[in-house]
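Notes follow the structure.
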Amino acid sequence: MMFVDLLEEIYLGVLSNKVRSGLTMLGVVIGIASVIAMMSIGQGTKLQIENSIQSIGSNLLMVMPGAQRARGAAVSSGRGSSQTLTNDDADAIRDVAGVKAVAPESSRRFQITARGTNTNTQVVGTTPDYLAVRNVAVDIGTFFSTTQVASRSKVAVLGPTTVLDLFGENANPIGQTVRINSAQFTVIGVTAAKGGSGFSNQDDMIYVPLSSLQAYLSGGDYVSSISIQAVDQATMTLTQQAVTELLLERHHIPSADLADFSIMNQSDLVSAASSVTDTLTLLLASIAGISLLVGGIGIMNMMLTTVTERTREIGLRKAIGADRAEIVAQFLGEAIFLTLLGGTIGVLVGYGASKAVSTFASLTTTVSWSSVAMAFGVSCAIGLIFGLYPAQRASRLNPIDALRYE
Amino acid sequence: MLELKNITKNYTSGKEITSAIKDASFTIHKGEFVAIMGPSGSGKSTLMHIIGCLDTPTLGQYHLDGQDVAKLSTSELAAIRRNKIGFVFQSFHLLPRATVLRNVTLPLVYLGVKREERLRRAKETLVAAGLDESHYEHLSNQLSGGQMQRVAIARALINNPAIILADEPTGNLDSKTGKLVLDTFERLHQQGRTIIIITHEPTVAARAERTILIRDGEIIEDQSNCKLNS
Ligand SMILES: Nc1ncnc2c1ncn2[C@@H]1O[C@H](COP(=O)(O)OP(=O)(O)OP(=O)(O)O)[C@@H](O)[C@H]1O
Ligand SMILES: [Mg+2]
């Protein structure tokens, strides 16, 4: 048998039974496409959650007023509303070993007016360290300086969304004044957009010096949280302990169980979130696995329902003098042709589906090579095994038994 | 030369054993034209399959041109079928969803013959089998029984086999086409081919040199035909 003739037999074999070929390919396409799409959604979600955790800062510890959440206790009472943390606490924390920067903040919602328009948004009183600690960048103008904090300047830095709400599109707010409650603040900067993360929207905020907020808007020297940036990830737990001890001592509290503050560690958040995303990925992977199985059963079904006809065909080919190797080569060729074509279509469909999810669900999906390889491998293996099955069986029968096969 | 010695073929279904061929022995020399006759179910087709190396006997020895068929490997048997034997099946066994030409040329594909040569020889044998040229591109499952039979005959002749085995080759043909097919067989016989046909019709058997009669798997008569008009 000449090689071109083998190729022609393969081609005609695939073409002369379009329904069988089409359905076999469909099984491969469904299996591969669903695995790729599901895995890309899982990976994308994981990446997005990780990004939004990173966007609140790195190596972050957050001290908040209110009772420590004891293990098993239902809900912490009135966190943020109790006034147990002060400016002095923040200053004291600055000297703890392992602390790189400290940004106390006091925030409240106020009604803001500027040139007739008004909006209701979060006003955050803080210090310049906030930029580094909370991973915020300034886009236009400047952030307020330590001197401005010390002198209780009435200056404000706006989030891009707030700028849009108050001044409209493409407006330059620098030098304009905004009224918070009844106090006039001059706008000196706009922060860079961070995108709508799952947590509080950092684009819709007004930053003012902590001292100014306390003097003109809220009164007192209490803060609603203290953000601490640790030197590195490895020492974060130690730093957290040191800060806890310091605050317990300052607040004259004998035991950590009675603390009037709580400290949240960013790595706790990361591990909590990644356990959630891991579960999600596992869920999607099992859905994809089931699709792969369904696709596989489809392929198997197609191959097995035609096994009678194929066995007779093999019997005939053997009767007119085909060698076993030639028959196996033809069937292997057909199976490779179908699974490769189906596999390629499946990869394209899966890739397209993940792109569609990206655009319509604003979720950045990533197609990983391992999922493509896994899906492709499994479907092709099923295609090859069940494509070769009749050839393997029939080539062991003598021609007459194969021709008579029911 | 085909030598069958004490050939027995048993079929087992469950505990029951049926003997399709019982202890058959005979020799067919090169160039002979033999007819096999017998009632339905007597084992004619079974015998023919064994002669054509398509099936193996349960007992006994079969020598084809001096070779013990039982000792040959599957690929050696395939080579014998490919090179030496042309087989017309009682139920044709054509490749469905394939054209007449593709069906007829298929044996040559496995012989490694080039495409143009395949088509040329296919047309030749189709003419010899009496199939009209207008059917050559038809799919085999769109043909009538008689047309399928002629395709099966053409396919059996295309590899210029030394041994032609035809299981009721004229069973579905009208007398005119039947005569044409038998003329073709006779011409091939005159060229020195060995021809064995199974038939129910005495007029067909009369054209052979020798008739083997079989009943219930046993050979009950094996005689030369007295040819009056040869
Ligand atoms: N695969 C098989 N399994 C079991 N029994 C079989 C098988 N093939 C044939 N037989 C039996 O062997 C006997 C001979 O069958 P065979 O086909 O050789 O008859 P035949 O002489 O060709 O008949 P016909 O003239 O009707 O074609 C029958 O009784 C049949 O039932
Ligand atoms: Mg028969």
Side-chain angles (χ1 to χ4, degrees), chain A residues 1-23 302 305-331 333-334 390-406, chain B residues 9 11 20 45-50 52-57 69 73-99 102-115 117-118 139-141 152 155-156 158-159 161 165 167:
Chain A
M1 191 182 200
M2 291 186 293
F3 189 63
V4 278
D5 290 329
L6 175 64
L7 293 184
E8 195 186 358
E9 287 301 317
I10 289 168
Y11 175 73
L12 290 171
V14 168
L15 212 70
S16 67
N17 201 334
K18 294 195 185 67
V19 176
R20 180 186 70 212
S21 304
L23 289 176
M302 264 342 282
T305 49
T306 56
V307 81
T308 306
E309 188 193 317
R310 302 242 84 183
T311 304
R312 292 199 185 132
E313 180 187 332
I314 291 167
L316 168 68
R317 287 176 188 275
K318 288 187 75 171
I320 60 172
D323 249 325
R324 186 168 178 246
E326 288 167 333
I327 286 166
V328 172
Q330 182 196 336
F331 275 66
E334 279 184 31
Q392 278 301 331
R393 269 188 63 123
S395 60
R396 264 185 255 117
L397 300 172
N398 70 34
I400 285 301
D401 290 340
L403 278 167
R404 284 245 181 83
Y405 185 82
E406 300 288 340
Chain B
K9 178 73 181 177
Y11 290 110
S45 297
T46 307
L47 186 63
M48 194 76 123
H49 294 150
I50 292 169
C53 300
L54 295 168
D55 210 347
T56 45
V69 169
S73 70
T74 49
S75 74
E76 283 168 329
L77 286 173
I80 287 179
R81 292 193 292 263
R82 183 160 70 223
N83 294 304
K84 285 192 184 170
I85 295 172
F87 204 106
V88 183
F89 290 97
Q90 191 172 10
S91 44
F92 322 136
H93 294 313
L94 301 180
L95 209 57
R97 287 185 293 276
T99 63
R102 191 165 163 240
N103 265 289
V104 175
T105 53
L106 202 57
L108 295 187
V109 168
Y110 292 108
L111 274 169
V113 176
K114 283 218 174 68
R115 171 182 277 278
E117 172 74 0
R118 291 204 298 255
L139 297 181
S140 67
N141 41 349
R155 186 182 61 194
I158 200 162
N159 57 341
L165 305 170
D167 197 344

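Each chain gets a letter, A, B and so on, in the order the sequences are listed, and its residues count up from 1. Worth saying up front: this structure is predicted, and the values here are computed from it rather than measured.
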Handout entry: Rounded distance [0.5 Å steps], CG in Leu95(B) versus CZ in Arg312(A)
Key = 13.0 Å
Completion exercise
Pair count under 4.5 Å, heavy atoms only, with chain A: among Arg82(B), Arg115(B), Arg155(B), highest is Arg82(B)
Handout entry: Main-chain N/O of Ser75(B) paired with Arg324(A) side-chain donor or acceptor, under 3.5 Å
Key = no
Practice task
Check each atom of Thr56(B) against the heavy atoms of chain A and say whether the ones under 4.5 Å are side chain, backbone, both or neither.
Solution key: both
Fill in the blank from the handout: Taken to the nearest 0.5 Å, the spacing of Glu8(A) CD from Arg102(B) CZ works out to 7.0 Å
Completion exercise
Taken to the nearest 0.5 Å, the spacing of Glu313(A) CD from Leu94(B) CG works out to 12.5 Å
Problem - From CD1 (Ile85(B)) to CD1 (Ile320(A)), nearest 0.5 Å - result: 13.0 Å
Handout entry: Shortest non-hydrogen contact from Leu316(A) toward His93(B)
Key = CD1-O, 3.1 Å
Problem - SB check Arg404(A) Asp55(B) (cutoff 4.0 Å) - result: no
Exercise for the section: Among the options Val4(A), Asp323(A), Leu6(A), pick out the one with the most heavy-atom pairs lying under 4.5 Å from chain B. Expected result: Asp323(A)
Exercise for the section: Would you mind telling me which of Arg317(A), Glu326(A), Lys318(A) makes a side chain to side chain donor-acceptor pair (under 3.5 Å) with Tyr110(B)? Expected result: Arg317(A)
Exercise for the section: Mind listing the closest non-hydrogen atom pair of Ala322(A) and Ala78(B) along with its distance? Expected result: O-CB, 3.6 Å
Problem - Part of Leu403(A) within contact of chain B (heavy atom distance under 4.5 Å) - result: both
Exercise for the section: Looking only at non-hydrogen atoms, find the nearest pair between Ser16(A) and Arg97(B) and report the distance. Expected result: O-CD, 2.8 Å
Exercise for the section: Evaluate whether atom OH of Tyr11(A) has more than 12 neighbouring non-hydrogen atoms of other residues, nucleotides or ligands under 6.0 angstrom away. Expected result: no
Handout entry: Side chain to side chain, Pro399(A) and Arg81(B), heavy atoms closer than 4.5 Å
Key = yes
